[in-house]
Chemist: 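Please read through the structure below; I'll follow up with questions.
Everything numeric in this text was worked out from a predicted model, so none of it was measured. Both ligands and their constituent atoms are indexed starting at 1 by order of listing.
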Amino acid sequence: MRMTGKVALVTGAASGMGAATARLLAREGAKAVVIADRLDKEGEAVAAEIAKAGGTARYLHLDVTDEAGWQKTVDDVVAVHGGLDVLVNNAGISGSAEQDLYDTAAWHRLMGINATGVFLGMKYGIAAMQKGKRRGSVINLSSISGIVGQAYIHVGYNASKGAVRLMTKAAAAQHGRQGIRVNSVHPGLMPPMRTSGRTADPEQRAKTLKGVPLGRAGEVDEVAYAILFLASDESSYVTGAELVVDGGWTAV
Ligand code: NAD
C-alpha cells in the first residue's frame with residue numbers, strides 16, 4: 001500500500017479528478033482521506049462510496065476562497081486525524097465558457113478560486129504540516145494552460161494556472177528543509193469540467209486531439225496516479241517539479 005499511515009486532504013474532491021484521487025488514495029491505504037468541496041451532496045456521496053469500499057473518508061464543506069473556512073477545515077483535520085501529511089489543491093473552475101476572454105468579473109473569479117484558493121491551501125496546510133513536525137507533500141493542480149496559452153480560453157485561466165505553477169516552486173524552495181515537498185500536476189485534455197464551455201464542445205475537442213501524440217483524451221485515473229506518486233514516499237526526492245500528464249500535447 002502506497003499511502004499507509006497518511007492523512008490526506010483533497011479539495012474539489014466531489015467531482016472529476018479530485019474524486020478519482022480521493023478514491024485512489026483511500027484504496028492505497030490512506031489513514032484518512034478528507035474530501036473538501038462546496039458540492040455537499042456529491043462530496044458526501046464520494047465519502048460514502050469510499051467507506052463502503054473499506055476506506056476511511058470524510059466530507060467537509062469548504063469554499064477554497066474562504067480563508068476562515070480553510071483555517072477551520074485544517075484545524076478539524078488535525079484535531080480528528082492527528083495531523084496532515086498530504087494536501088491536494090485540486091478545486092478549480094474552467095475559463096472556457098466566457099465569450100469575452102477579457103471579462104473582468106471572470107478574471108477575478110478565476111484568480112480567486114484557481115490561484116488564491118491554492119495560496120490559502122498552502123498557507124494553512126503547510127502551517128499544519130510544520131506544526132506536526134511530520135514530512136508533508138503538497139500537490140497543486142495546474143494545467144497545460146499554466147505552461148502554454150490557448151486561443152479559446154479566458155486569459156485569467158492561463159494566468160491562474162501559471163500562478164499555481166510558480167507558487168509551487170516558491171513553496172518548494174521555502175519548505176524543503178522542513179521535509180515538505182511541493183509539486184504541480186499539469187493535465188491536458190481530460191473529461192470536461194463541470195464549468196467547461198468550449199473545451200466540452202466535441203468539435204473543439206476533436207480539433208485539439210489532432211495535436212495530441214497519444215491521440216486520445218486522458219482519463220481521471222491517469223491524473224490520480226500521477227498525484228499518488230507525488231503523495232507517496234516514492235517521490236521523496238521530487239520537489240518543485242511540474243508533472244505534465246497530457247498525452248504529449250506540449251511536447252510537440
Ligand atoms: P470538475 O469541475 O469535475 O471538478 C472541480 C471541483 O472543484 C468540483 O467538485 C467543484 O465543486 C470544485 N470547486 C470549484 N470551485 C470551488 C470552490 N470555490 N471551493 C471548493 N470547491 C470548488 O473539474 P476537474 O476536471 O476534476 O478539475 C480538477 C482540477 O484540474 C481543476 O483545478 C482544473 O482546473 C484542473 N484541470 C482540468 C482539466 C480538464 O480538462 N478537466 C485540464 C487541466 C487541468
Chemist: Which is closest to atom 43 (C) of ligand 1 by heavy-atom distance: Ser94, Ala217, Gly12, Pro187?
Modeler: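 Considering heavy atoms of Ser94, Ala217, Gly12, Pro187, the nearest to atom 43 (C) of ligand 1 sits in Pro187.
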Chemist: Give the contacting part of Ser145 toward ligand 1: side chain, backbone, both or neither, where contact means a heavy-atom distance below 4.0 Å.
Modeler: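 It is neither; nothing of Ser145 touches ligand 1.
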Chemist: What residues, two or more places apart in sequence or in another chain, satisfy salt bridge (charged side-chain N to carboxylate O under 4.0 Å, His left out) together with Arg198?
Modeler: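 So Arg198 forms no salt bridge (charged side-chain N to carboxylate O under 4.0 Å, His left out) with any residue.
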Chemist: Is there a side-chain contact between Ile180 and Ile126 in this structure, where contact means two heavy atoms from C-beta onward sitting under 4.5 Å apart?
Modeler: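 Counting from C-beta outward, Ile180 and Ile126 do come under 4.5 Å.
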Chemist: Quick one: nearest non-hydrogen protein atom to atom 30 (O) of ligand 1, plus distance?
Modeler: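 Minimum-distance protein heavy atom for atom 30 (O) of ligand 1 reads Met17 CE, 3.2 Å.
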Chemist: Between Arg27 and Ile50, does a side-chain contact (heavy atoms from CB on, under 4.5 Å) hold up when you go through it step by step?
Modeler: CA-CA 8 Å; Arg27 277 206 306 279; Ile50 289 173; over 6 Å; no
Chemist: In terms of residue, atom name and distance, what is the protein heavy atom nearest to atom 39 (C) of ligand 1?
Modeler: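 Nearest protein contact, heavy atoms only, for atom 39 (C) of ligand 1 is Met190 CB, 3.5 Å.
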Chemist: Please confirm whether Ile93 comes within less than 3.5 Å of ligand 1 when only nitrogen or oxygen atoms on both sides are compared.
Modeler: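 Between Ile93 and ligand 1, no N or O pair is found under 3.5 Å apart.
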Chemist: Which heavy atom of the protein is the closest neighbour of atom 22 (C) of ligand 1, given with residue, atom name and distance?
Modeler: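 For atom 22 (C) of ligand 1, the nearest protein heavy atom comes out as Ala91 CB, 3.7 Å.
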Chemist: Give the atoms of ligand 1, by number and element, whose distance to some non-hydrogen atom of Gly16 is under 4.0 Å.
Modeler: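 Counting atoms of ligand 1 from 1, those under 4.0 Å from Gly16 are 3 (O), 26 (O).
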Chemist: When you measure from atom 42 (C) of ligand 1 to every protein heavy atom, which one gives the shortest distance, and what is it?
Modeler: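 For this ligand atom, the closest protein heavy atom is Gly188 O, 3.3 Å.
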Chemist: At the 4.0 Å heavy-atom cut-off, does Thr199 count as touching ligand 1?
Modeler: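 Under 4.0 Å: no for Thr199.
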Chemist: What part of Asp63 sits under 4.0 Å from ligand 1 if we count only heavy atoms: the side chain, the backbone, both or neither?
Modeler: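 For Asp63, backbone and side-chain atoms both sit under 4.0 Å from ligand 1.
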Chemist: If you take the nearest heavy atom of each of Thr11, Leu141, Asn90, which one is closest to atom 31 (C) of ligand 1?
Modeler: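 The nearest heavy atom belongs to Asn90.
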Chemist: Would you please name every residue forming a side chain to side chain contact (heavy atoms under 4.5 Å, CB included) with Thr250, sequence neighbours left out?
Modeler: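 If we apply the side chain to side chain contact (heavy atoms under 4.5 Å, CB included) test to Thr250, skipping adjacent residues, the hits are Ile144, Val148, Val244, Asp246.
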Chemist: Select one of side chain, backbone, both or neither to describe which atoms of Asn114 lie under 4.0 Å from any atom of ligand 1, heavy atoms only.
Modeler: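 For Asn114, no heavy atom sits under 4.0 Å from ligand 1.
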Chemist: For the backbone of Gly146 and the side chain of Asn158, can you confirm whether one donor and one acceptor N or O come within less than 3.5 Å of each other?
Modeler: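 No, Asn158 side chain to Gly146 backbone: no donor-acceptor pair under 3.5 Å.
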Chemist: May I ask you to decide if Ala115's main-chain N or O and Ser160's side chain share a donor-acceptor pair within less than 3.5 Å?
Modeler: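 It does not hold such a pair.
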Chemist: Against heavy atoms of Pro191, which atoms of ligand 1 measure under 4.0 Å?
Modeler: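 Reading through ligand 1 atom by atom, the close ones are 39 (C), 40 (O), 41 (N).
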Chemist: Could you check whether Thr199 and Ser96, counting side-chain N and O atoms only, form a donor-acceptor pair closer than 3.5 Å?
Modeler: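 Note: Ser96 and Thr199 side chains meet the donor-acceptor criterion.
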Chemist: Considering only the protein, which heavy-atom contact is closest to atom 9 (O) of ligand 1, and what is its distance?
Modeler: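 Going by distance alone, atom 9 (O) of ligand 1 is nearest to Asp37 OD2, 2.6 Å.
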Chemist: Do any heavy atoms of Lys161 fall under 4.0 Å from ligand 1?
Modeler: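 Under 4.0 Å: yes for Lys161.
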Chemist: For atom 14 (C) of ligand 1, what is the nearest protein heavy atom, given as residue, atom name and distance?
Modeler: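 Sorting protein heavy atoms by distance from atom 14 (C) of ligand 1 puts Gly92 O, 3.6 Å first.
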Chemist: Say whether, by atom type as modelled, one donor and one acceptor occur between the side chain of Glu28 and the main chain of Arg2 under 3.5 angstrom.
Modeler: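 A pair under 3.5 Å: yes.
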